[in-house]
Amino acid sequence: MSENYNHATIENKWQRKWEADKLYQAKIDPQRKKLYFLTMLPYTSGDLHFGHWYPMAPSDARARYLRMCGYNVMFPIGFDAFGLPGENAAIQRGIHPKKWTYANIKNMRRQLRSMGAMWDWSREAISSDPEYYRWTQWFFEKLYEHGLAYRKKAPVDWCPQCNTTLAREQVWGEDRHCERCKTPVIKKDLEQWFFRITNYADELLDFSTIDWPEKVMTMQTNWIKRSEGASVIFKTEQGDPMEVFTTRPDTLWGATFMVLAPEHPLVAKVTTTDRKVEVEAYVSEAVRKTEIEREAVDKEKTGIFTGGYAINPVNHERIPIWIADYVVMTYGTGAIMGVPAHDQRDFEFARKYGLEVRVVIQPEDIPPLDGVTMPNAVPAYGTMVNSGPLTGTPGDQAFQAAVKFIEEKGIGEFAVNYRLRDWLISRQRYWGAPIPMINCEVCGWKPVPEDQLPVELPEDVEWKPTGESPLKLHPTWKYTTCPECGGAAERETDTMDTFMCSSWYHLRYLSPQYAEGPFDPKEYDYWMPVDVYTGGVEHANMHLIYTRFFHKACRDMGIVKGPEPMLQLRNQGVILGEDGEKMSKSRGNVVAPDLLVDQYGADALRTHLMFAFRWSDGGPWNDENIQGVVRWLNRIWALFTDSSTLLPSAQKKASLGVLCDLRRKVHQTLKQVSHDFENFEFNTIISGLMELLNEMYVARESGAVGTPEWQEAQDIYLRMLAPVAPHIAEELWTERLRKPYSVHTQPWPKVDKEAVAEEQVTLVIQVNGKVRDRITVSVNIREDEAKAVALASETVQRFIQGKQPRNVVYVPGRLVNIVVE
RNA sequence: GCCGAAGUGGCGGAACAGGCAGACGCGCACGACUCAAAAUCGUGUUCCCUUUGGGAGUGUGGGUUCGAUUCCCACCUUCGGCACCA
């Protein structure tokens, strides 16, 4: 008789033993091939739910699989602990952010450990520890020394709810809301610290050395958005240069007006006295609009004439300068040339305000264009017309010819423009790594000397958000002396964007206790780069772009090596609440991990997460479906612990055929499971193991127990089970089958190709493509034999009705298709 | 508007590379065990036609092919990203 499977006892027991035996500690071993398997580190919000297991449990299974395949696998874990969400949660509860964060870490550690993953906890790193952010600050200073960090006054995005500036990447959606709190952002003119990520725009577009999902590469490419064109200098009538960027230099002769963004510095200067009042009214209205009525998506173009004129440098024509809010200051130069005949936005604007529409491009395949009557702009390339010396240039040469022309005349040049902006990292909040800079009235901004790092975050601070940096309000903290002249000076009171901390955490995992640098070079040389990286796709344009930039910048500074930090990336989907919505406390659809672990056990939850969804898709949580894997694990337990399965069956002797079928199924499953692990197809790993178990039950009934084939089946089954359900596999392996501890250090079994091969196959017999019969034949059947067998089938004869087959298609091992009529 | 991904039973999802659609599981129905229930085990479960046996069927409409969930074209829907980007 079999006893019951008690997940609580077993899981607890093995987790302790593995921990005590340091089974998962990763050590440098030059003899073995290393594999750095990284999962995006969890954020220490208090909002823990079961969705957090979803990226991790299948990743752990795959890391375990690779370890059994012979790799020396490092699978580290840590916590992203600084930042707005933690601070906001702390404020809500009236608890100090530090206290709140570290209490969360303690709880999360316990919860994560209950998963039974092979994390090497000795490598744990926490980004809010002074020993960690000491190096975050050190990296900032390196970037500063190399001119990659700079301070600039600029209009920046400000979240009025979070009371801080945000990076462009953290502003989402049509209404431009804060990525965290969803509040629409406003613009503020502030002096802030930036990283020169735009220096790396071109290199960030190169994905040739990494295996990343198409989706992420597309998102990053679109985010960076490189466009080729020309920079052309127009001049105002007063002689001020007015640079524009255009992707269509071939349409320069069609420019009939200029448009400046309302915030453009030349607006005041070009505006004539009689237009001043109206223009100022328009500008302040535009500013008001961008700040308050963000959601009013009024695509109707508005604008106003400044009274000023510019000179088109290609034909010296005098054209009016307008301002309009469809031109934005944050892209290009904030000024454009209006070519209404060939740009739809300019067209709409020109028609609305009665500006000339002049055709300068005539595509070959359409009737001659007429600026007065055309209903829309025609943006296609075509022969240049009305374009002075370039008239007649064919469409495929127009771009180059126009660039050559402006370069020769010295009025412009070929130019590349990017949508990517420099990374704004200043945050006017408390819970972050202080920016290690000192401002001296005499010497200017100076980095804190390296031996004084870290610049520690004081704990006695009024950390409630006021819009001012909390560190500024501290009575003494900011006062210091200048590292250069020794005179009185003040510290930077802003803290760093937490994405700075997470840009290099994979390096701290290498040697979290190392004090001579951010990481131990010995560890770096062995483990880096990260071989496999798993996590959510929502970071495509934030963390994943920052960390690539960070790596490339550090490479240029001689700190790290190689072109990329993470070679292979795979994204999981999202686990939703039972209502199909994103899990959140406010919706009340959060599934708590602790309760589930108590009820079902870690093995059941791990396997359920692998089985119930396509990993890359995710989906809504469902309390009922989990019964499937619970029953499966119970059936495994029953089969492996039932004493009658341990002894050769007295009554029945299995036939050779049964044993051969069993071996075949075992090795076919092994082949499939290995393939699926390689490809992150976790759901079919579980279904394959379920099928094999069903097959083993059948074999047991047929008397297979006790045979070498049965023992092999049991052995391979537990090895395959080990990565997905590590506890039950260990218990059955070590305690029941009495095999050498631990199943997790066993090698992955080898597929016996001969055992996999079928001797007989079922040929599908089709008539005109429809299945009419199935016939079991030997694998080695010849084509003419197979066709003869098919034609001999009674069912087939009935459908053919005596007609001569026009064609007989034979696909070896699969089917015969008889085509009649 | 632009770019990308995806549409398969009541549900989650299988189908390697154009060859048996619906593996595996949930749910449901019936049966066994039980005084009974739960658990467990067994059988069935795409839809339609009264059945033996047929017919239809992978978002919709076309196409290529002996054969299409799979390839091509057009369209619809859903989701994600970007968006007055010059």
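Order of the sequence lines fixes the chain letters, A, B, ..., with proteins taken first and strands second; residue numbering starts at 1 for each chain.
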Whether A/Phe499 and A/Tyr546 hold their rings parallel, tilted or perpendicular, with breakpoints at 30° and 60°: tilted

Should B/G18 form a Watson-Crick or G-U wobble pair with both distances under 3.5 Å, which nucleotide is its partner? none

Can you measure A/Glu214 atom CD to B/A5 atom P for me and round it to whole angstrom units? 8 Å

From the candidates B/G81, B/A14, B/C20, the one with an atom nearest any side-chain atom of A/Asn541 is B/G81

Checking all strands, does A/Asn817 fall into the base, sugar-phosphate, or nothing category for heavy-atom contacts under 4.0 angstrom? base

Nucleotide forming a Watson-Crick or wobble pair with B/G80, both distances under 3.5 Å: B/C3

Does A/Arg548 make a cation-pi contact with A/Trp212, if we ask for NZ or CZ under 6.0 Å from the ring centre and within 45° of the axis? yes

Anti versus syn assignment for B/G9, with syn defined as within 90° of 0: syn

Could you tell me whether A/Val327 contacts a base, only the sugar-phosphate backbone, or nothing, with contacts defined as non-hydrogen atoms closer than 4.0 Å? base

Nearest to the A/Gln627 side chain among B/G13, B/C24, B/C26, which nucleotide is it? B/C26

Phosphate OP1/OP2 of B/G27 contacted by A/Arg631 side-chain N/O (<4.0 Å): yes

Considering every strand and a 4.0 Å limit on heavy-atom distances, what is the contact class for A/Arg772: base, sugar-phosphate, or nothing? sugar-phosphate

Within less than 4.0 Å of OP1 or OP2 of B/C24, is there a side-chain N or O belonging to A/Thr684? no

Scan every strand shown for a Watson-Crick or G-U wobble partner of B/A32, both distances under 3.5 Å, and answer none if you come up empty. B/U40

Protein-nucleotide distance (A/Lys215, atom NZ; B/C3, atom C1'), rounded to Å: 11 Å

From CG of A/Asp617 over to C1' of B/C79, roughly how many Å is that when rounded to an integer? 10 Å

For B/A86 and A/Asn417 - does any side-chain N or O of the residue sit under 4.0 Å from the phosphate oxygens OP1/OP2? no

Using the C1' atom as the reference point in each nucleotide, state the distance between B/G53 and B/U65 in Å, no decimals. 29 Å

Using a 4.0 Å heavy-atom cut-off, does A/Val764 contact any base of the nucleic acid, only the sugar-phosphate backbone, or nothing at all? base

Determine the contact category for A/Arg814: base if any of its heavy atoms lies under 4.0 Å from a base atom, sugar-phosphate if only primed atoms, P, OP1 or OP2 are that close, otherwise nothing. base

Watson-Crick or G-U wobble partner for B/U46, using a 3.5 Å limit on both distances? B/A56

Among B/C3, B/A86, B/A14, which nucleotide has an atom closest to any side-chain atom of A/Thr218? B/C3

What does A/Val328 touch in the nucleic acid at a heavy-atom separation under 4.0 angstrom: a base, only the sugar-phosphate, or nothing? base

Could you grab the distance from atom CE of A/Met690 to atom OG1 of A/Thr669, nearest 0.5 Å is fine? 13.0 Å

Using Watson-Crick or G-U wobble geometry with both distances below 3.5 Å, tell me the partner of B/C24, or none. B/G12

Check every atom of B/A86, B/G25, B/C66 against the side chain of A/Ser227 and return the nucleotide holding the closest atom. B/A86

Need the pair for B/G67. Rule: Watson-Crick or G-U wobble, both distances under 3.5 Å, any strand; none if unpaired. none

Considering only heavy side-chain atoms of A/Phe611, the closest of B/G25, B/G19, B/C85 is B/G25

Check whether any side-chain nitrogen or oxygen of A/Asn694 sits under 4.0 Å from OP1 or OP2 of B/G25, and answer yes or no. yes

Starting at the 5' end of RNA chain B, which residue's closest nucleotide do you reach first, A/Asn683 or A/Phe245? A/Asn683

Select one nucleotide: of B/G19, B/C26, B/G53, the one nearest the side-chain heavy atoms of A/Arg798. B/G53

Can you figure out which of B/C66, B/C26, B/G81 approaches the side chain of A/Met219 most closely? B/G81

Mind checking if A/Val811 touches a base, just sugar-phosphate, or nothing, with heavy atoms under 4.0 Å? base

From B/A56, B/C41, B/A23, pick the nucleotide closest to the side chain of A/Lys770? B/A56

Parallel, tilted or perpendicular: which describes the rings of A/Phe399 and A/Phe414, with under 30° parallel and over 60° perpendicular? perpendicular

Consider the side chain of A/Arg419, meaning its heavy atoms from C-beta on, and name the nucleotide among B/A83, B/G27, B/C24 that approaches it most closely. B/A83

Just checking A/Phe799: base, sugar-phosphate only, or nothing, at a heavy-atom cut-off of under 4.0 Å? sugar-phosphate

Answer yes or no on whether A/Arg62 is positioned over the face of A/Phe680, meaning its NZ or CZ is under 6.0 Å from the six-membered ring centre and within 45° of the axis. yes

With no hydrogens and no angle check, is any side-chain donor or acceptor of A/Asp603 less than 3.5 Å from a backbone partner on A/Ile728? yes

Ring geometry between A/Trp322 and A/Tyr353 (parallel below 30°, tilted from 30 to 60°, perpendicular above 60°): tilted

Taking only N and O in the side chain of A/Arg635, is any of them less than 4.0 Å away from OP1 or OP2 of B/U40? no

Measuring from the side chain of A/Tyr326 (C-beta onward, heavy atoms only), which nucleotide among B/C82, B/A86, B/C84 has the closest atom? B/C84

